[in-house]
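Below is one structure, written out as structure tokens; comments come after it.
Just so it is clear, the values below take in all heavy atoms, side chains as well, and ignore hydrogens, waters and symmetry mates.
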Amino acid sequence: MGTHFAAWRSFQQDASVTKQKVKPGTARRTLRFARPYARLLAFFLLVVIADAAVGVANPLLYRQIIDNGILKRTAAGVLKPDVPLIIHLAIIVAVLGLLAGALGLLQTWLASSVGAGVVLSLRARLFSHIQRMPLAFFARAQTGALVSRLNNDVSGARTAFTDILSNVVGNLVTVIFILSAMFVLSWRITLGALVLLPVFVLPARFWGRKLQRIARESYDLTAAMNALMVERFNVAGALLAKLFGHHGSENEVFADKASRVAQIRVKQALYGRLFFTALLITATCGTALAYGWGGVLAARGLLDVGTVVALVALLGRLYTPLMGLSNAQVSIMTALVSFERVFEVLDLPPSIQEKPDAVAIPPGPAAIVFDHVAFRYPTAAEVSLASLESIAVPSHHPAHEVLHDVSFVVRPGTLVALVGPSGAGKTTITHLVPRLYDVTAGAVRINGVDVRDARLDSLRDRVGVVTQDAHLFHDTIRANLAYARPGAGDAEIREALRAARILDLIESLPDGLDTLVGERGYRFSGGEKQRLAIARLLLKSPDIVILDEATAHLDSESEAAVQHALETALAGKTSIVIAHRLSTILRADEILVVQNGAIVQRGTHAALLAAPGVYADLYQRQFAVPAAAG
């Protein structure tokens, strides 16, 4: 049954893959990943040969048992069975049967081990490579497509790689051994039996195409059903469904998708059974041919009875591996295409890379200098792959510049605030400090070191950021905070929570620091999540602090508490703060007003308020109008 299933799976693979063109060198590159397992592969080949030899030996032993044991005659022609020989050979057959089972298990273990090892190194390398990709890559690539490369394509590569080892190599050696033995026993009956093979292979290919279409449809329907569940079962989707959805119609939509999945599975099972039935009929016809033709020859004294039995036994082991080999091209191309899709991502170089001679930014008070900075967002061709985007529209127009001639200095220990309308470029400016993007022109320097010349780990250690929508992993509070500073003790974590004015809340929870925050932190309110993010920042204790609307989700009481915590805990830090609520940056050492990607005003709150311009207008809208309305 196992060999029949392998053949069925081979014909179920998408034959259209053979029409695809893989890049030259893909096969050689794939083999390089298998090079560390050269000894295991050599051992695997020996096991395959031994398994094939055992598979041929047993039918030949049947021949000996019948001809030289059961039907043995004396010189006078009297039938005199050789009982000791029969028992001896029967024991050998049983031992070889056990050996064949052990070799089959060993063959499967070796193939799976090599395939799993190749995939492990490939998956780890791919994950590491994706981790090094810039923010622009993740802004364009579809998360599901990336996960698919790590899961489906890598797993597909493993399955195909294992199929090639177990089925293609194993089947090839088995067929060579069996056909050699059969031709030696009777080349006429062997050729006659092989004539029946096309009678099965041609219909099998027809059913194989049906199976391929059904398999593709099954994957699509299952993916659609899973997508619906994922969208409805995450917190945001569940909230939206409860607020705007209709329970009855939701059930009907899911039932329809689930029903279609169930129907396609029934169709898969039906065609699978037809496939097995056709294989059984072909094997039965081949057996009938061997017994009929061989029996007639044996009755006429032209062939031994034992030889007929051996031929039938060998024939029963021949059709499945022959059929598997007839579809070997699909297995090989499936493996190569899967590997190529993984290599496609590995070959995309990160647009932000550390220079070989990169230098460390020394810890301590830091000065930030923006020197005539211009910036445009990279195009899709520069940072992404079309196959990783759900909708990839080719564009031949260069991206427009979003920052123009931006120059300012943040002195050590001072706070500079960025204000201006939405879309003016404030967040983009802050992204250039930790080198989430590289400038198009000019330079960003920290303590005189161009961030493009700095070691990335040194840069990330010096800079801490709290964004407007703070992200928390679906893990414990302790793990989320320690992510910024691995190895931090509970006392240090509690001190950071105390400074962020949230320790009392955490200690009131039944599990304390071991409380799970939930997906994206949805078990906490917006203000609580923000204070946890600030605690994470305080635990890291960077020299440079960037706050992107960090207090936007806090109520007045929480905002005052966190502002006080930030003033005391971030004393002496070099800070850049983005604020739409001007009340949060009244004490900034300098305020930069950003509009249309350029700094149009700069100065203290008092100086900017006294001068006509964008800042005065913003302040008027936020404070004067509400006061008048009151």
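- Cation-pi geometry between R602 and F408 is not satisfied (NZ or CZ under 6.0 Å from the ring centre, within 45° of the ring normal).
- R435 places a side-chain N or O within 3.5 Å of a backbone atom of Q353 that can act as its donor or acceptor partner.
- Side-chain N or O atoms of Q530 include one that pairs as donor or acceptor with a backbone N or O of T467 at under 3.5 Å.
- Residues satisfying the salt bridge (charged side-chain N to carboxylate O under 4.0 Å, His left out) test with R462, not counting sequence neighbours, are D543.
- Tested against V416 for a side-chain contact (heavy atoms from CB on, under 4.5 Å), the candidates T574, V409, V410 yield a single pass: V410.
- Formation of a donor-acceptor pair under 3.5 Å by the S128 side chain with backbone atoms of R125 is not found in this model.
- Here E590 pairs with nothing under the salt bridge (charged side-chain N to carboxylate O under 4.0 Å, His left out) rule; sequence neighbours left out.
- The two residues V439 and F375 have their closest heavy-atom pair at CA-CD1, 4.2 Å.
- Looking only at distances, a side-chain donor or acceptor of S121 sits under 3.5 Å from a matching main-chain atom of V118.
- Taking the six-membered ring wherever Trp is involved, the centroid distance between the rings of F370 and H372 does not fall below 6.0 Å.
- Between the side chain of K426 and the backbone N or O of V594, no donor-acceptor pair lies under 3.5 Å.
- D453 pairs by the salt bridge (charged side-chain N to carboxylate O under 4.0 Å, His left out) definition with K355, not counting sequence neighbours.
- Taking a cutoff of 4.0 Å between a charged side-chain nitrogen and a carboxylate oxygen, R498 and E495 qualify as a salt bridge.
- Counting heavy atoms from C-beta on, the side chains of N480 and L532 never come closer than 4.5 Å.
- Side-chain contact between Y437 and P378 is present, with heavy atoms from C-beta onward closer than 4.5 Å.
- In plain terms, the two heavy atoms of L432 and D438 that are nearest each other are CD2-C, 4.3 Å.
- Between the side chain of E354 and the main chain of L456, a donor-acceptor pair closer than 3.5 Å is present.
- Judged by distance alone, the side chains of T428 and Y377 do bring a donor and an acceptor atom under 3.5 Å apart.
- The backbone N or O of D347 lies less than 3.5 Å from no partner atom in the side chain of H129, so there is not a single donor-acceptor pair.
- The backbone N or O of Y615 sits less than 3.5 Å from a side-chain atom of Q601, completing a donor-acceptor pair.
- Distance check, rounded to the nearest 0.5 Å: CG of D475 to CG of L516 gives 7.0 Å.
- In terms of modelled atom types and a separation under 3.5 Å, the side chain of D450 and the main chain of R445 share no donor-acceptor contact.
- Proximity of a side-chain donor or acceptor of Y619 to a complementary backbone N or O of L609 within less than 3.5 Å is not detected.
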